Amino acid sequence: MEIGFIGLGKMGFPMARRLIDAGHRLVVFDRRKEAVDRLAALGAQAATSPKDVADRVENVFASLPSLQASLAVATAADGVIAGSRVRRFVDLSTIGAQMAARIQAALAGGNIVQLDSPVSGGVAGAEKGTLAVMVSGPRADFDTLKPVLDVIGKVFFIGEKPGAAQTMKLANNFLSATAIVATSEAVVMGVKAGLDPAVMVDVFNAGSGLNTASRDKFPKSVLPRTFDFGFATGLMVKDVRLCLEEARSLGLSLEVAEAVGQLWETVIAEMGAESDFTAAIQPIEQRAGVVVGKTPV
Ligand code: NAD
C-alpha cells in the first residue's frame, strides 16, 4: 500500500522503517531534513510538506510531539486537509481526547476520516513491532488499515467515538508515569536504609512489586545511570497533564493521579523537558540525600 508518514522522530522513524520493510511504499515528511534523508536512503519518497504527502497518497500516518503539531499538520493551510488524494489521517501521537475530537471534526469538513491511534511500548516496541496500538474511528476504515497497523504492533479497536483511543492511552500512561515515580521512591527509601538497589529491583521483579519501571526502566537506564530510555520528560508530563484534564472534564478528581502529576511537575522543573523520563528519580534522590545505582557518583 502507498502510505504517507509525517513525524520521523524516536517513534516515527522505526515505525516508518518497519512499514518499508513490510513492503509498503512510503512518502515521508518531517521538518528535520536529516530524518527525511535517512528514510529516503531506505527507499521512501521525500515530500516537502504535509499537503505534499496528502497530494500523493490516500492514507497519511503521523507521529508528532505536541497537540499543536498534530493540529497544524492536519489542518493548517499546507496541512493534510489541503491534500488532493488523502482519504484517511491516522494519528499515532498522544494528544488527548479533546484535541483528537477537534481534529476529527475539522478533517470531516474536508471529507477525510481520522483514525485516532496512539501507541504504547516505547522506542524498543516501535523497533520490534510490538507496540500496543489503540484505535478509535469508523470501523470500516479501521478494517481497511488493520493489516498496516499490524506491522507496528498489537492492534486494539477501542470504539467509534472520536478520542476514545486517547482516553485509553492516557489511562495507560498514567500507570506508566506512576510506576516510575513510585518505584523511584521505593528504591530511594531502601538505599537510604542501606539496601542494595540492584537486589531491590530483582526482588520486585520476582515478587508482587513488579511493574514496567522495575522490569524495564530501572535495569536499562536507572541503575546504570545512563538515563537514556528514549522518552522525553516533556512528553511524559504532556501525557500526565492530559490525563488530569481528561479526568477533570469528566467531573472526576483522581487523588493518586493528582499526586503523581505534582511529582512530574517537579521533575520537569528540575530536570528539564528534554531530559529522559527515567531521570525522574534524581529530584527524589536529591531530597533524600542518596544516589541510587551500581556505581555511586
Ligand atoms: P520526537 O520528538 O522524537 O519526534 C517527533 C518528530 O516530529 C520529530 O522528528 C520532529 O522533527 C517532528 N515534527 C515536529 N513538528 C512537526 C511538524 N509540524 N511537521 C513535521 N514534523 C514535525 O517524539 P517521539 O518520542 O517520537 O513521540 C512522538 C509521539 O509518540 C508523541 O505524541 C509521544 O507522546 C508518543 N509516544 C512516544 C513514545 C516514546 O517512547 N518516545 C511512546 C509512546 C508514544
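Just so it is clear, the model here is predicted, and its values are computed rather than measured. Counting starts at 1 for both ligands and their atoms, following the listed order.
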For this session: For the residue pair Phe5 and Phe61, categorise the inter-ring angle as parallel (less than 30°), tilted (30 to 60°) or perpendicular (more than 60°).
Result: parallel
Quick one: which of [options] has a heavy atom closest to [atom]?
atom: atom 14 (C) of ligand 1; options: Gly122, Ser70, Pro65, Ser93; value: Pro65
atom: atom 41 (N) of ligand 1; options: Phe229, Phe277, Phe231; value: Phe231
atom: atom 15 (N) of ligand 1; options: Met15, Arg31, Glu34; value: Arg31

For this session: Consider ligand 1: state whether an atom of it lies below 4.0 angstrom from any non-hydrogen atom of Gly230.
Result: yes
Exercise. Does Ala35 come within less than 4.0 Å of ligand 1, judged by its heavy atoms?
Worked result: no
Problem set entry | Test log, rule side-chain contact (heavy atoms from CB on, under 4.5 Å), inputs Met1 and Leu145 | CA-CA 10 Å; Met1 191 182 275; Leu145 289 185; 3.8 Å; yes
Identify, for [atom], the protein heavy atom at the shortest distance, and state residue, atom and that distance.
atom: atom 25 (O) of ligand 1; result: Leu235 CD1, 3.5 Å
atom: atom 42 (C) of ligand 1; result: Met11 CE, 3.6 Å
atom: atom 4 (O) of ligand 1; result: Gly9 CA, 3.2 Å
atom: atom 28 (C) of ligand 1; result: Ser63 OG, 3.5 Å
atom: atom 29 (C) of ligand 1; result: Leu64 O, 3.3 Å
atom: atom 34 (O) of ligand 1; result: Lys238 NZ, 3.0 Å
atom: atom 43 (C) of ligand 1; result: Val119 O, 3.3 Å
atom: atom 11 (O) of ligand 1; result: Asp30 OD1, 2.7 Å

I'd like to check which ligand 1 atoms, numbered from 1 as shown, lie under 4.0 Å from a non-hydrogen atom of [X].
X: Leu8; result: 9 (O)
X: Gly7; result: 7 (O)
X: Val73; result: 17 (C), 18 (N), 19 (N)
X: Lys169; result: 43 (C), 44 (C)

Are [X] and [Y] ion-paired here, with the side-chain N under 4.0 Å from a carboxylate O?
X: Glu258; Y: Arg248; value: yes
X: Asp55; Y: Lys51; value: yes
X: Asp216; Y: Lys220; value: no

Problem set entry | Contact partition for Phe13 relative to ligand 1, non-hydrogen atoms under 4.0 Å | neither
For this session: Determine yes or no for a side-chain-to-main-chain donor-acceptor pair under 3.5 angstrom, with Lys217 supplying the side chain and Ile180 the backbone.
Result: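 Checked: no pair found.
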Exercise. Got a second to check how far Arg225's CZ is from Phe227's CZ, nearest 0.5 Å?
Worked result: 4.0 Å
Exercise. From Leu42 CG over to Leu19 CG, what is the distance, rounded to the nearest 0.5 angstrom?
Worked result: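 So the CG of Leu42 and the CG of Leu19 are separated by 12.0 Å.
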Exercise. Short N/O distance, under 3.5 Å, between Ser120 and ligand 1?
Worked result: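 By distance alone, the answer is no.
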Problem set entry | Pair Asn211-Thr183, side-chain donor/acceptor within less than 3.5 Å | yes
For this session: May I ask you to list the residues sharing a hydrophobic cluster with Met189, side-chain cutoff 4.5 Å, ordered by chain and number?
Result: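 Result for Met189 is none, singleton.
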For this session: Give the C-alpha distance, both sets of side-chain angles, the deciding distance and a yes or no for side-chain contact (heavy atoms from CB on, under 4.5 Å) between Phe218 and Val187.
Result: CA-CA 10 Å; Phe218 272 68; Val187 172; 3.8 Å; yes
Exercise. Do Glu270 and Gln286 come within less than 4.5 Å of each other through their side chains, counting heavy atoms only?
Worked result: yes
